[in-house]
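The block underneath contains the structure these notes are about, expressed in structure tokens.
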Amino acid sequence: NGNQMGFVIKLSLDLATLDLSTYLGGTNPDGSNQAMGVALDSSENVYIAGVAASTDFPTTLGAYDTTANDSAEGIG
């Protein structure tokens, strides 16, 4: 939807199989949604950090802040 969205993929150890894949972003088309960093913990949970300006940026149940309050907000 914009020019700076993010995605995450997980490949098998031999790189032959796509284990999972997801797109991350909202509908704001001005490039203000940016995935800037990714980390994986010992339980294989994925953490993504960046900036979001879309009012429909996806959040999870129990997230600290699920509403857009400014022109761009940090995500993580």
Side-chain angles (χ1 to χ4, degrees):
N1 289 329
N3 59 5
Q4 295 180 352
M5 302 301 180
F7 67 94
V8 175
I9 62 171
K10 180 182 177 190
L11 301 172
S12 61
L13 290 175
D14 64 0
L15 306 178
T17 305
L18 177 65
D19 290 339
L20 64 89
S21 177
T22 189
Y23 159 86
L24 183 65
T27 57
N28 188 349
D30 69 358
S32 296
N33 298 302
Q34 301 175 30
M36 298 175 173
V38 63
L40 184 68
D41 69 13
S42 61
S43 297
E44 296 191 4
N45 295 305
V46 177
Y47 299 89
I48 301 168
V51 177
S54 293
T55 58
D56 62 348
F57 192 86
T59 61
T60 57
L61 185 64
Y64 176 73
D65 185 2
T66 60
T67 58
N69 303 310
D70 203 347
S71 61
E73 299 186 41
I75 59 170

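The number of heavy atoms from other shown groups lying within 6.0 Å of CG (Leu20) is above 12.
Atoms CG and CG, from Leu11 and Asp19 in turn, are 7.0 Å apart once rounded to the nearest 0.5 Å.
Of all heavy-atom pairs spanning Asp14 and Thr17, the tightest one is OD1-N, 4.2 Å.
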